[in-house]
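Encoded as structure tokens, the structure appears first; notes follow it.
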Number of protein chains: 2
Amino acid sequence: MSQTVDRALSILPLLAEGPADLGQVADRLGVHKSTALRLLRTLHEHGLVYRQSDQRYRLGARLFALAQEAVENLDIREIAHPHLVRLNEECGHTVHLAVHEENEVLYIDKVESRYPVRMYSRIGKPVAITVAAVAKLLLADLPEAERRALADKLDYPLYTPRSTPNAAAFLKELERVREQGWATDLGGHEESINCVGAPVRGTDGRVVAAMSVSAPNVVVTGDELLTLLPLVRRTAEAISREYSGRSPVKDPV
Amino acid sequence: MSQTVDRALSILPLLAEGPADLGQVADRLGVHKSTALRLLRTLHEHGLVYRQSDQRYRLGARLFALAQEAVENLDIREIAHPHLVRLNEECGHTVHLAVHEENEVLYIDKVESRYPVRMYSRIGKPVAITVAAVAKLLLADLPEAERRALADKLDYPLYTPRSTPNAAAFLKELERVREQGWATDLGGHEESINCVGAPVRGTDGRVVAAMSVSAPNVVVTGDELLTLLPLVRRTAEAISREYSGRSPVKDPV
DNA sequence: ATGGCCGTTGCAGATATCGCAATACGCCTG
DNA sequence: CAGGCGTATTGCGATATCTGCAACGGCCAT
């Protein structure tokens, strides 16, 4: 770990609180003014800090550009996977992670009992969008207009008697999911399979992914599965925190 | 200027191109692997880089969080936002707010039809500096020497046949914008999109920000959009007044 | 004018950083 | 299962780099 770089980087969260002048930065860093000056200059040359007209420093524009590119490379799956594995170890059931893309909802990760392995054969396949818990979570977060438009376009196949029958029912269900912050699929896709899921949110609060736990009701009934809800929600929230940068480092040796 | 910090920060744009492993980073930095390792570790501890499961490095989510806090600290945005929303309600089109920083022009706020939401996906992204109405407004206010120097440094990509073709044309356009006090972009960036914008000025009369209204010409033609000019200018002036503390509406303390 | 405040610079000493080489680890091959 | 290869990691000494100091210069308010 480099001391100089460490100090320089510590300036960034400091400036995130608001603009500061040289003296303030030096004080809060606990270094001499000349030292702070040189660090700020280097940050400035890289565009990470900007010097406003009153000579105070604040975070710079390059930060935006980098963040932009960072987000494009951000793979939720990488971050979520360990959490999914842990959840699987705790409850023993199949765990899914899904995202919404182009009017489809796709699984992007899956952890199955005994098999902490990426089942690519299944991953990437569109889910039953009108009934799956993860689909409800992802679509419930859309603006109302889009939700409406999408609901109209969809087909509502009756996989089982419990499948969502039509657009009206679907929209109503989405509204409920939106308000309660979690979703279920109780035998809506396969008669004997129940799911309970929770949303993963980004910094802006929007739902970026959804996860769920699935189990056949020969193992646990729907009601029993619901007792896992707190655990599922905690896991989803942990992923959200890490994804949005709220927990920068978890285990620094 | 600090060599160590300089090297560390050089890693960020490098990783913005995509994930890289230790060796690649060391090579591109021109330093020994152990050096690169220590720099990367420091960046990692601050959350600026993330280590994915294949041990390669990638930009981290903390960058996103920092950029977000940075944009929230811009007081122009605070002041302007309600005005932008009102303008959006009145005309129905997309409204942008942008500032100039370090040879770049960036959007710092955006209000979209029905959607008074911060689109961070777009906010923070540098604008097409040679054609956007807001860019013309901000650059037109620079001292002539700076304007000239900047115009020479820029590239002039031909997004469309109407894009500004070269430095000479750009300077001429800036001169006109400077005199008339407003600017347009008629299909210079995207063939079917027109914009009309006006400057926001501080106490000393200098342009501190610029705003614009954009609409596809399938909705309104360029001429029709121009009829909104008085409204846009009035809004910009209202923001200017409030920003420079001469707001007739409400006076703080 | 003049004193105080803040940012900036040159310098010599201190120390953190660098590259090297050796080690450890994971992965694939035979 | 052994062996080999590529990569990440660690300890260490030489030295380039960073640091704090003190002096300078500009700016503002008294």
Side-chain angles (χ1 to χ4, degrees), chain A residues 1-12 14-15 17-60 73 75 78 81-82 85 115-118 120 249-253, chain B residues 1-12 14-15 17-60 101-102 143 202-204 206 245:
Chain A
M1 174 181 55
S2 163
Q3 185 190 64
T4 314
V5 177
D6 184 49
R7 285 173 172 167
L9 297 183
S10 300
I11 293 177
L12 298 179
L14 193 156
L15 290 184
E17 298 171 15
D21 64 27
L22 180 60
Q24 294 171 326
V25 172
D27 282 350
R28 299 219 18 202
L29 274 188
V31 299
H32 196 271
K33 271 181 291 196
S34 60
T35 305
L37 177 67
R38 281 181 276 253
L39 297 178
L40 281 165
R41 274 205 188 139
T42 311
L43 289 168
H44 179 94
E45 280 182 24
H46 285 261
L48 296 188
V49 309
Y50 176 75
R51 194 150 198 203
Q52 36 190 38
S53 44
D54 62 355
Q55 290 210 315
R56 292 192 305 165
Y57 296 91
R58 64 170 170 71
L59 294 180
N73 290 337
D75 196 341
E78 294 286 343
H81 192 71
V85 170
Y115 282 119
V117 177
R118 303 280 162 76
Y120 287 104
V249 182
K250 36 187 174 178
D251 49 358
V253 179
Chain B
M1 178 179 52
S2 161
Q3 186 190 64
T4 314
V5 177
D6 184 50
R7 284 174 173 167
L9 297 184
S10 300
I11 293 177
L12 298 178
L14 193 155
L15 289 184
E17 298 171 15
D21 64 27
L22 180 60
Q24 295 170 327
V25 172
D27 283 348
R28 301 227 4 210
L29 273 188
V31 299
H32 195 270
K33 270 182 291 196
S34 61
T35 304
L37 177 67
R38 281 182 276 253
L39 297 177
L40 281 164
R41 274 205 189 138
T42 310
L43 290 168
H44 179 108
E45 281 182 22
H46 284 261
L48 297 188
V49 309
Y50 182 79
R51 193 151 198 203
Q52 35 189 43
S53 48
D54 62 357
Q55 291 209 312
R56 291 192 305 166
Y57 295 91
R58 214 193 31 201
L59 292 180
E101 183 171 307
E102 306 280 345
T203 23
D204 51 4
R206 283 192 48 203

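Side-chain atoms of T42(B) never come within 3.5 Å of backbone atoms of M1(A) as a donor-acceptor pair (strictly under, hydrogens ignored).
OP1 or OP2 of dC18(D) has not a single side-chain nitrogen or oxygen of R41(A) nearer than 4.0 Å.
Rounded to whole angstrom, the span from the CG atom of D21(A) across to the C1' atom of dC5(C) amounts to 11 Å. Q55(B) places its CD atom 10 Å from the C1' atom of dT9(D), with the value rounded to the nearest Å. Computed from coordinates, the Q24(A) CD to dC5(C) P distance equals 15 Å when rounded to whole Å. In this entry the distance linking OH of Y57(A) with C1' of dC6(C) reads 11 Å, nearest Å. One can place CG of L22(A) at 18 Å from P of dG26(D), the figure rounded to the nearest angstrom. To the nearest angstrom, C1' of dC18(D) lies 14 Å from CG of L29(A). Rounded to an integer number of Å, the gap from NE2 of H44(B) to C1' of dT9(D) is 15 Å. Atom C1' of nucleotide dA16(D) and atom CE of M1(B) are separated by 15 Å, given to the nearest angstrom.
Contacts of A8(A) classified as side chain to side chain contact (heavy atoms under 4.5 Å, CB included), with partners at least two apart in sequence or in another chain: L39(A), V5(B). For the side chain to side chain contact (heavy atoms under 4.5 Å, CB included) test, residues two or more places apart in sequence or in another chain that qualify with R206(B) are D141(B), D204(B).
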Using atom names, set out every protein N or O paired with an N or O of nucleotides 23-25 of chain D below 3.5 Å, distance rounded to 0.1 Å.
none

Distances for protein N or O near nucleotides 18-25 of chain C N or O, under 3.5 Å:
{"unit_1": "dC18(C)", "atom_1": "OP1", "unit_2": "R7(B)", "atom_2": "NH1", "d": "3.2"}
{"unit_1": "dG19(C)", "atom_1": "OP2", "unit_2": "H32(B)", "atom_2": "N", "d": "3.2"}
{"unit_1": "dG19(C)", "atom_1": "OP2", "unit_2": "T35(B)", "atom_2": "OG1", "d": "2.5"}
{"unit_1": "dG19(C)", "atom_1": "N7", "unit_2": "S34(B)", "atom_2": "OG", "d": "3.1"}
{"unit_1": "dG19(C)", "atom_1": "O6", "unit_2": "R38(B)", "atom_2": "NH2", "d": "3.2"}
{"unit_1": "dC20(C)", "atom_1": "N4", "unit_2": "S34(B)", "atom_2": "OG", "d": "3.4"}

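For the salt bridge (Lys or Arg N to Asp or Glu O under 4.0 Å) condition, the pairs that include at least one residue of residues 19-31 of chain B, sequence neighbours left out, are E17(B)-R28(B). Sorted by first then second residue, the side chain to side chain donor-acceptor pair (under 3.5 Å) pairs that include residues 29-40 of chain A, not counting sequence neighbours, are H32(A)-S34(A), S34(A)-R38(A).
The residue among V5(A) and L37(A) whose nearest nucleotide of DNA chain C is located toward the 5' end is L37(A).
By the 4.5 Å heavy-atom criterion applied to side chains, D6(B) and H46(A) are counted as neighbours. For the pair L12(A)/V49(A), a side-chain contact is recorded, criterion being any heavy-atom separation below 4.5 Å from C-beta on. The shortest side-chain heavy-atom distance between L15(B) and R58(B) does not fall under the 4.5 Å cut-off.
To the nearest 0.5 angstrom, Y57(A) atom OH is 9.0 Å from I11(A) atom CD1.
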